[in-house]
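Heads up: the structure comes next, in structure tokens.
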Amino acid sequence: MHDFAVIGLGAIGGATAAELIRRGHSVVGFDRYTPPHTMGSAHSDTRMIREAWYRGSPYMPLVRDAYRGWANLERASGRRLLRTAGALMMGPSDGRVFAGSPLRGVAQPDTDYIFLSADEVVDRFPWLRPDPGTVTIYEPRAAILSLEACLEVTLEAAEGADLRFDEPATAWSTSASGVRIRTARGEYAARRLAIAAGAWTPQLLPRLSLPLEVERTVQYWLEPAGEHANALAEGPAWVWELEREGTWYGFPPTARGLKAGMHFQAGRRTDVEQVDREVGSAETEALRNLFDRYAPGAAGAPTHASVCLYTNTPDENFILDRHPRLSRVAIFAGGSGHAFKFLPVLGGLMADLLTDEPPSRDLSPFSLDRFR
Ligand SMILES: Cc1cc2nc3c(=O)[nH]c(=O)nc-3n(C[C@H](O)[C@H](O)[C@H](O)COP(=O)(O)OP(=O)(O)OC[C@H]3O[C@@H](n4cnc5c(N)ncnc54)[C@H](O)[C@@H]3O)c2cc1C
């Protein structure tokens with residue numbers, strides 16, 4: 001019997017398996033595909049790590065731990081995973097990005113977070129065209145994570161685990177002595193179980209009726225435009241709330257191009273088994289229109305696009321908790337579009353729950369109790 005089983009070897013499940021191995025346990029893990037794959041929430045080139053958004057929230061210590069965790073992974077693997085490029089958080093002063101958000105507490109002057117007027121944004125980053133009155137916080141230390149490399153390094157760190165890819169878990173049960181997991185290929189036993197199945201979590205925990213909503217979201221890549229191509233590559237990334245169009249983001253170009261897309265869009269709720277993986281010309285045109293209006297000359301037409309899934313909780317905070325009735329089972333779910341940056345930390349916190357170690361951070365904001 002293994003010490004631990006992990007269902008889902010994407011971002012958080014992979015990190016959980018790696019951390020359990022690091023702590024000297026035996027682990028069996030399952031994924032319905034072979035990560036990194038394009039069916040869930042963790043694919044497509046890059047992810048952002050930034051902290052200003054989390055100021056004053058329970059995430060602030062986690063984001064600091066995460067930077068340390070990524071640095072450790074870089075040292076251990078000898079691979080570069082993170083590139084400092086800076087990030088802009090932009091929006092109307094009474095919008096979602098600023099009003100009622102932790103960013104209100106950001107003091108000025110402050111070298112970690114720099115307030116810029118719309119004119120100052122244009123002076124520094126001439127490919128952007130914010131409306132007058134747009135508030136901007138520039139966080140120079142924010143960084144871009146190389147997503148696929150991060151996942152590869154994480155799964156390499158789980159070496160020694162029995163990792164079973166393309167083997168979906170179809171059922172699991174607990175008993176006085178442990179857990180049993182049935183998959184498409186066999187049956188396995190372990191003392192305890194981690195469920196980190198991303199958008200598929202409700203299928204594995206139907207009786208909990210978790211308040212999770214799967215959202216379809218599209219990432220686009222565009223050719224950086226000639227005049228600004230070199231400067232764009234230096235950064236920054238942006239997350240930009242617009243009153244009419246919603247919140248969009250852009251990443252400095254990689255070899256695949258400049259990545260951009262919408263962050264949280266009402267009306268994009270979907271069922272994980274019925275996700276429309278095609279990207280329509282109307283959605284591509286809407287993104288193109290954003291560039292024409294707010295970043296003219298930054299990029300050419302989108303060259304390709306990829307559908308990705310958010311799994312959202314009502315308050316956009318994660319679920320990281322033990323099963324309410326089955327203490328052998330720990331759950332991570334509800335990444336809500338912002339969990340990737342915390343991968344090394346969340347793997348450790350899941351391992352704490354599974355091994356009965358006191359969690360290194362307060363997990364009450366992520367408890368299942370808040371939905372009851
Ligand atoms: C477009 C987009 C942009 C994002 N940008 C950022 C960002 O800039 N910064 C940031 O921090 N976060 C970002 N995120 C969020 C982040 O990527 C996710 O929160 C994170 O990947 C969630 O990890 P997860 O392990 O829960 O899910 P996943 O990484 O999707 O992993 C779940 C795994 O479970 C497997 N699985 C499911 N069911 C079963 C089963 N029955 N048996 C076996 N395996 C199973 C799946 O195959 C999958 O591999 C973004 C997400 C998207 C979609």
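Counting convention: from 1, in listed order, for ligands and their atoms alike.
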List, pair by pair, the atoms of ligand 1 and of the protein that are both N or O and lie under 3.5 Å apart, giving the separation rounded to 0.1 Å.
from	atom 1	to	atom 2	distance (Å)
ligand 1	8 (O)	Met48	N	2.8
ligand 1	9 (N)	Met48	O	3.1
ligand 1	11 (O)	His338	O	3.2
ligand 1	11 (O)	Phe340	N	3.1
ligand 1	11 (O)	Lys341	N	2.8
ligand 1	11 (O)	Lys341	NZ	2.8
ligand 1	12 (N)	Phe340	N	3.3
ligand 1	14 (N)	Arg47	NE	3.4
ligand 1	14 (N)	Gly337	O	3.3
ligand 1	17 (O)	Ser41	O	3.1
ligand 1	17 (O)	Arg47	NE	3.0
ligand 1	19 (O)	Ala339	N	3.3
ligand 1	25 (O)	Ala11	N	3.4
ligand 1	25 (O)	Ile12	N	3.0
ligand 1	29 (O)	Ala11	N	3.1
ligand 1	30 (O)	Ser41	N	2.9
ligand 1	38 (N)	Arg32	NE	3.2
ligand 1	41 (N)	Ala169	O	3.0
ligand 1	42 (N)	Ala169	N	2.9
ligand 1	44 (N)	Arg32	N	3.0
ligand 1	47 (O)	Asp31	OD1	2.6
ligand 1	47 (O)	His37	NE2	3.2
ligand 1	49 (O)	Asp31	OD1	3.2
ligand 1	49 (O)	Asp31	OD2	2.7
ligand 1	49 (O)	His37	NE2	2.8

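- Between Glu245 and Tyr294, the side chains place a donor N or O and an acceptor N or O closer than 3.5 Å (distance only, hydrogens not considered).
- Judged as a ring pair (Phe, Tyr, Trp, His ring centres under 6.0 Å), the pairs with a partner in residues 168-212 (not counting sequence neighbours) are, in order, Phe30-Tyr188.
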Which atom pairs, donor and acceptor, lie under 3.5 Å between side-chain atoms of residues 223-240 and protein residues at least two apart or in another chain?
none

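- Side-chain contact check for Asp119 and Ser117: no donor-acceptor pair (N or O, by modelled atom type) lies under 3.5 Å.
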Side chains of residues 330-354: which donor-acceptor pairs under 3.5 Å do they make with residues two or more places apart or in other chains?
from	atom 1	to	atom 2	distance (Å)
Ser336	OG	Thr313	N	3.1
Ser336	OG	Gly334	O	2.9
His338	ND1	Tyr54	OH	2.8
His338	NE2	Glu316	O	2.9
Lys341	NZ	Tyr54	OH	3.1
Lys341	NZ	His338	O	3.1
Asp352	OD1	Arg23	NH1	2.9
Asp352	OD1	Arg23	NH2	2.9
Asp352	OD2	Ser360	N	3.1

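- Side-chain atoms of Thr34 and Asp166 include a donor-acceptor pair closer than 3.5 Å.
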